Participant: 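Below is the structure I would like to discuss, written out as structure tokens.
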Amino acid sequence: MRVVVTGGAGFIGQHVVAETLRRGHDVLVLDSLREDVHGQHGCPPSGARLHLGDVRQTYDLDAALPGADVVVHLAAKVGLGVDVSDLPDYASNNDLGTAELLAAMARHRLNRLVLASSMVVYGEGLGRCAEHGPVRGRPRSEYDLAQGQFEPECVRCGAQLSPSLVDEEAPSDPRNAYAASKLAQEHYATSWARETGGSAALLRYHNVYGPGMPQGTPYAGVASIFTSALRDGKAPRVFEDGGQRRDFVHVRDIAAATVTAAERHTGGARAFNVGTGVPRTVGEMAASLAHALHGPTPVVTGDYRLGDVRHITANSARILDELGWMAREDFDKGMAELAGLGQTVSAPAVAAR
Ligand code: UD1
């Protein structure tokens, strides 16, 4: 199979490329190697060809796509960003980039797509109210957060909710620019699949961690931020009360899910949650990393970020049922690996242009 991986030089991309090659497929990476994202280290693994270019540029797409069987679209601006001045950059990279890619795929008669989406499309997802059963959490106001009221409340009675797992049929409710752009990508891909008869696996990744995580940028995930702090001998700074729940999934598991979807998903647009199914709190994760690095005990700061959702945990049964993928990496071993490893994945590739 010939696979084009957009964003193949990024954190997840490098692992997807390595896994695709490991399974004997041919890979071409289309990546712009943006310096604010990649610094000096944005290189795909050896064995893959690199087309240095931008998914928003027709000539780059027309150079990269011919002959492909499937496109894995990972190129995107991630994270919460800095502030609202980031909005156009999210819209440009994520919305426009996907629209240009899909139009080019139609031009080149490519009809199979795997899209990196995110759990953030659900917003707070569902919670359980003792009185009203499963309900959506009310968006958390700045006032609530400043008062230390971190748990989302029932929209009907204001009672605290216990978190529950969302499945792919839960309504979407994006709460920040990144989430809105991921949902837009899903909608573009779904519309493209309907109009062209193509297939699109919309992979809603949970919180990805592992070797090669971006460090020291506004787009670094929490596991990377904590690791950097611990390596400097500082305590991880845990926001809110540390009780936020996430599903931390190893990047090798994410890569396996992505390549499996590229190999197996056919027939229209379909969303899949991609997680371990085992929620953990950010406080637990900080403790696990501090233990692995023999570092100082994490500090719970009570700080907050307005765009953050409290809990993102979902049921990942569909991808097991339909594509036969499940997460295999052990959490504690994964954290120890993150603590102990350097940040590179493998050797640089030769650029095609
Ligand atoms: C992350 C990803 C996003 C992905 C999503 C999938 C990043 C930057 N974001 O979003 O791309 O789509 O998972 O679920 O990788 N926190 C602290 N201390 C810190 C920094 C953060 O306690 O120093 C807390 C935050 O308040 C938040 C949690 O850690 O509750 C996770 O934050 P973050 O790693 O930025 O990820 P998400 O917003 O979950």
Side-chain angles (χ1 to χ4, degrees), residues 7 10-13 36-37 74-82 86 90 93-94 115-125 140 145 148 150-152 163 165-166 172 174-183 185-186 202-210 212-230 232 234-251 253-254 257 272-277 279-290 298-314 316 338:
F11 163 45
I12 295 175
D36 60 338
V37 177
L74 305 175
K77 182 181 170 81
V78 302
L80 267 186
V82 180
D86 266 346
Y90 279 105
N93 283 281
N94 300 1
L115 172 73
S117 183
S118 167
M119 291 298 304
V120 292
V121 299
Y122 297 119
E124 278 300 341
R140 303 182 305 168
L145 293 166
F150 300 125
E151 284 296 335
L165 302 182
V166 290
S172 53
R175 300 273 170 105
N176 56 47
Y178 169 68
S181 71
K182 283 284 139 187
L183 190 58
Q185 289 184 312
E186 288 197 6
L202 315 172
L203 301 184
R204 293 175 177 167
Y205 298 152
H206 291 241
N207 287 62
V208 188
Y209 73 94
M213 277 189 94
Q215 283 182 304
T217 79
Y219 314 107
V222 66
S224 169
I225 295 170
F226 289 172
T227 305
S228 301
L230 285 159
D232 289 346
K234 296 181 188 143
R237 295 179 60 78
V238 178
F239 296 161
E240 304 187 15
D241 58 4
Q244 317 81 299
R245 289 175 194 236
R246 294 291 189 276
D247 184 339
F248 295 99
V249 55
H250 197 286
V251 67
D253 279 331
I254 288 288
F272 298 95
N273 291 332
V274 187
T276 66
R280 294 174 198 272
T281 66
V282 171
E284 272 176 74
M285 194 272 286
S288 178
L289 271 176
V299 175
V300 177
T301 65
D303 293 344
Y304 57 84
R305 303 184 304 193
L306 197 53
D308 270 338
V309 296
R310 174 69 174 172
H311 304 295
I312 314 180
T313 56
S316 297
L338 183 65

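When a ligand or atom number is given, it counts from 1 through the structure's own listing order. Atoms considered below: every heavy atom in the structure, side chains included; atoms not considered: hydrogens, waters and symmetry mates. Quantities reported herein were computed from a predicted structural model and do not represent experimental measurements.
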Participant: With a 4.5 Å limit on heavy-atom distance, are the side chains of V299 and K234 in contact?
Facilitator: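 No - every pair of side-chain heavy atoms lies 4.5 Å or more apart.
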Participant: Just to check, does Y304 reach to within less than 4.0 Å of ligand 1 when the distance is taken from its heavy atoms?
Facilitator: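 Contact check Y304 vs ligand 1: negative.
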Participant: Need the ligand 1 atom indices (1-based, order shown) with element for anything under 4.0 Å from a heavy-atom of I225.
Facilitator: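 Checking each atom against I225, I get 20 (C), 23 (O).
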Participant: Which atoms of ligand 1 are found less than 4.0 Å from any heavy atom of R237?
Facilitator: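 Those qualifying, in numeric order: 17 (C), 18 (N), 19 (C), 22 (O), 23 (O).
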Participant: Is a donor from one side chain sitting under 3.5 angstrom from an acceptor on the other, for Y122 and R204?
Facilitator: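 Checked: Y122/R204 side chains pair up, N/O donor to acceptor below 3.5 Å.
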Participant: Step by step, work out the salt bridge (Lys or Arg N to Asp or Glu O under 4.0 Å) result for R310 and E240.
Facilitator: CA-CA 9 Å; R310 174 69 174 172; E240 304 187 15; 2.8 Å; yes
Participant: Between T276 and D247, does any side-chain donor sit less than 3.5 Å from a side-chain acceptor?
Facilitator: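 Yes, D247 and T276 have a side-chain donor paired with an acceptor closer than 3.5 Å.
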Participant: Flag A220 as yes when one of its N or O atoms lies below 3.5 Å from any N or O atom of ligand 1, and as no otherwise.
Facilitator: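 Checking ligand 1 against A220, no N or O pair falls under 3.5 Å apart.
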Participant: Report the residues that fulfil side-chain contact (heavy atoms from CB on, under 4.5 Å) with D303, sequence neighbours left out, ordered by chain and then residue number.
Facilitator: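 In terms of side-chain contact (heavy atoms from CB on, under 4.5 Å), with neighbours along the sequence ignored, D303 is linked to R237, F239, T301.
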Participant: Output the list of atoms in ligand 1 that are nearer than 4.0 Å to some heavy atom of M119, sorted by atom number.
Facilitator: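 Under 4.0 Å from M119, ligand 1 has these atoms: 14 (O).
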Participant: Considering both backbone and side-chain atoms of D308, is one of its nitrogen or oxygen atoms within less than 3.5 Å of a nitrogen or oxygen in ligand 1?
Facilitator: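 Right, the criterion is met.
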Participant: Under 3.5 Å, is there a donor-acceptor pair linking the side chains of N273 and S316?
Facilitator: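 No, no side-chain donor-acceptor contact under 3.5 Å.
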Participant: Do ligand 1 and V222 have nitrogen or oxygen atoms that lie under 3.5 Å from each other?
Facilitator: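 Right, the criterion is met.
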Participant: I want to check something: taking the side chain as every heavy atom from C-beta on, are Q244 and T281 in contact at a cut-off of under 4.5 Å?
Facilitator: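 Side-chain contact under 4.5 Å: no.
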Participant: Regarding atom 7 (C) of ligand 1: of the candidates P298, G221, A314, which has the closest heavy atom?
Facilitator: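 The residue whose heavy atom sits nearest atom 7 (C) of ligand 1 is G221.
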Participant: Give the numbers and elements of all ligand 1 atoms closer than 4.0 Å to a heavy atom of V282.
Facilitator: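 Ligand 1 atoms under the 4.0 Å threshold to V282: 22 (O), 28 (C), 29 (O).
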Participant: Between Q215 and S224, do the side chains contain an N or O donor and an N or O acceptor separated by less than 3.5 Å?
Facilitator: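 Result is no, nothing qualifies.
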Participant: In terms of atom number and element, which parts of ligand 1 are under 4.0 angstrom from non-hydrogen atoms of V238?
Facilitator: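 Close to V238: 22 (O).
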Participant: Where does K182 meet ligand 1, judged by heavy-atom distances below 4.0 Å: at the side chain, the backbone, both, or neither?
Facilitator: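 The answer is neither; K182 stays 4.0 Å or more away.
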Participant: Counting each atom of ligand 1 from 1 as listed, which ones have a heavy atom of S118 under 4.0 Å away?
Facilitator: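 Listed by number with element, the hits are 4 (C), 5 (C), 6 (C), 12 (O).
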Participant: Report, in ascending order of atom number, the atoms of ligand 1 lying under 4.0 Å from any heavy atom of Y205.
Facilitator: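 So the atoms of ligand 1 that pass are 6 (C), 14 (O).
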Participant: Closer than 4.0 Å to some heavy atom of Q244 - which atoms of ligand 1 meet that?
Facilitator: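 With Q244 as reference, the close atoms of ligand 1 come out as 24 (C), 26 (O), 30 (O).
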Participant: Of all residues at least two apart in sequence or in a different chain, which pass the side-chain contact (heavy atoms from CB on, under 4.5 Å) check with S118?
Facilitator: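 With sequence neighbours excluded, S118 shows a side-chain contact (heavy atoms from CB on, under 4.5 Å) to V120, Y178, K182, given in chain and number order.
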